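See below for the structure under consideration.
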Amino acid sequence: MGKHKSPARYSAAGLAWRGLRNKSWPRVWREPELKSAYDVVVIGGGIHGLATAYYLASNHAITNVAVVDKAYLGSGGSGRNTAIVRSNYLTPEGVAFYDRSLDLYNTMSTDLNINVMFSERGHMTLAHTDSALRTMNWRAEVNKLQGIDSSVIAPDEIKKLSPSLDTSPNTRYPILGALYHPPGGTIRHDAVVWGYARAADAYGVDLHQKTEVLDILCEGGAGPNGKGAGGKVTGVRTNRGDIHAPVVVNCTAGWASTIASMAGVRLPITTHPLQAAVTEPVKTFLPTVIVSGSLHVYVSQTDRGELVFGASVDPVANYDMKGTLEFTEELAGHVLELMPGLSKMRLMRQWAGLCDMTPDYSPVMGPTPVDGFLVDVGWGTYGFKAGPVSGEQMAACIAHESMPDLIAPFVLSRFTDGTLVGEKGAAAVGH
Ligand code: PYC
């Protein structure tokens, strides 16, 4: 034992109790054998993949399903986001879609029998310029037309809702107003992963962690090895062996375009890291989620009292998930513009996730030119909030072999026929 290390202190009774307790804890999901064939293989064990598998089983009785993930469940964007949910988007298509997700999040604790700690605390997007205020008004009108609780409020009301914000007119970036969305809030993201995983497993869905897809198996396509347009998928090659399946769904983030290219499908996606950080815990003082697009920051306070911050995506496309000092410095500067009272708070951790950005900031969902190969990708910075509705709608798409109305606008072919769904104006922060 080194000079400075003191022995760990465990009481005998404590150890015995832990042993007893752990023995009686059943595993939350099985570790099944990898079968050589399934009806559906879902690539990606995050919220999107798990929700797709869960709704295939619960809504359509399709249970011969495998979810494969190269790491552990929730190890990608599902465990790296800032847990914000909302439906105050810019386009009617986006509003309807994300609002359905909010509905599913609202009943999730009961539906999945797990406390996902939904805190419907309200969401405020601050405007510091006339043009930002114009976009907020536009969003509010689109939202109201679709029955979404969303309106533009003035600085005095903002101050009442979040007293720690500096709403005085003398700041460098005075707050002119905000889009206020009371149904928005935060949710415990890990609980969502665990809830879907446990529920899918209970229906007989096989969850395979540490199972990396090395190739997509195809036949009949115009490209090498039968891949590409006109072909059909026959399965996946993994580090644990081949799996045959007539339907393969790409529910990955970060590696969406890499996986799609294994089937000979090109996606209009570039991948950028998005950094986030968390402070030491302090007494609760921040009642709403605060977003400032102009200052490139969003912040909420967790139930433990920590402040969770995020920023815009890093400017250069890459796969690096390291935190940078530039991010920390910029973040601190911007946060202090908004809440000068936080100057003594210490950051505890920072991390990054990967965001697959599409040209119109909307996802790519549904079929591809390869028969049986579907995608649920391109989530940019919106993936967490879209998880439940994506799973529900992708499951319906697979079961009925047709695109449900709610996701029809997000088809891949929109990039060739020009029917884009521009959601850049609804991003939490500028990119
Ligand atoms: O779109 O609300 C949002 C968001 C928050 C963090 C990343 N995206």
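What you are looking at is a predicted structure, and each value in this text was computed from that prediction instead of being measured. Index from 1, following the sequence. We count ligands from 1, going down the list as the structure has it; atoms in each ligand are counted the same way. Computed over heavy atoms, backbone and side chain alike; hydrogens, waters and symmetry mates excluded.
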Give the atoms of ligand 1, by number and element, whose distance to some non-hydrogen atom of [X] is under 4.0 Å.
X      : result
Ile84  : 2 (O), 5 (C)
Ala428 : 1 (O), 2 (O), 3 (C), 4 (C), 5 (C)
Tyr382 : 1 (O)

For the side chain of Thr279 and the backbone of Leu307, is there at least one donor-acceptor N/O pair under 3.5 Å apart?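 Such a contact is found between Thr279 side chain and Leu307 backbone.
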Spell out, as yes or no, whether a donor-acceptor pair under 3.5 Å connects the side chain of Thr288 to the backbone of Gly122.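 It does not hold such a pair.
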Which protein heavy atom lies closest to atom 3 (C) of ligand 1, and at what distance to 0.1 Å?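 Of every protein heavy atom, Lys385 NZ, 3.2 Å lies nearest to atom 3 (C) of ligand 1.
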Nearest-neighbour protein heavy atom for atom 1 (O) of ligand 1, which is reported as residue plus atom name and distance: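 It is Arg86 NH2, 2.7 Å.
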Pairwise side-chain contact, Val289 with Arg121, heavy-atom cut-off 4.5 Å (strictly under):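 SC-SC contact between Val289 and Arg121 confirmed.
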Measure the shortest side-chain to side-chain distance between Ile398 and Thr52 over non-hydrogen atoms and say whether it is less than 4.5 angstrom.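 Heavy-atom side-chain distance check passes, below 4.5 Å.
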Residues forming a side-chain contact (heavy atoms from CB on, under 4.5 Å) with Trp194, sequence neighbours excluded: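 Counting only residues at least two positions away or on another chain, Trp194 forms a side-chain contact (heavy atoms from CB on, under 4.5 Å) with Trp29, Ile114, Asp190.
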What part of Thr381, side chain from CB on, backbone N/CA/C/O, both or neither, has a heavy atom under 4.0 Å from ligand 1?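 It is both parts that get close, each with some atom under 4.0 Å.
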Give the intermediate values and the outcome of salt bridge (Lys or Arg N to Asp or Glu O under 4.0 Å) for residues Arg414 and Asp360. CA-CA 10 Å; Arg414 75 179 185 276; Asp360 62 357; 2.8 Å; yes
Nitrogen or oxygen atoms of Thr82 and ligand 1 under 3.5 Å apart: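 No: no nitrogen or oxygen of Thr82 is under 3.5 Å from one in ligand 1.
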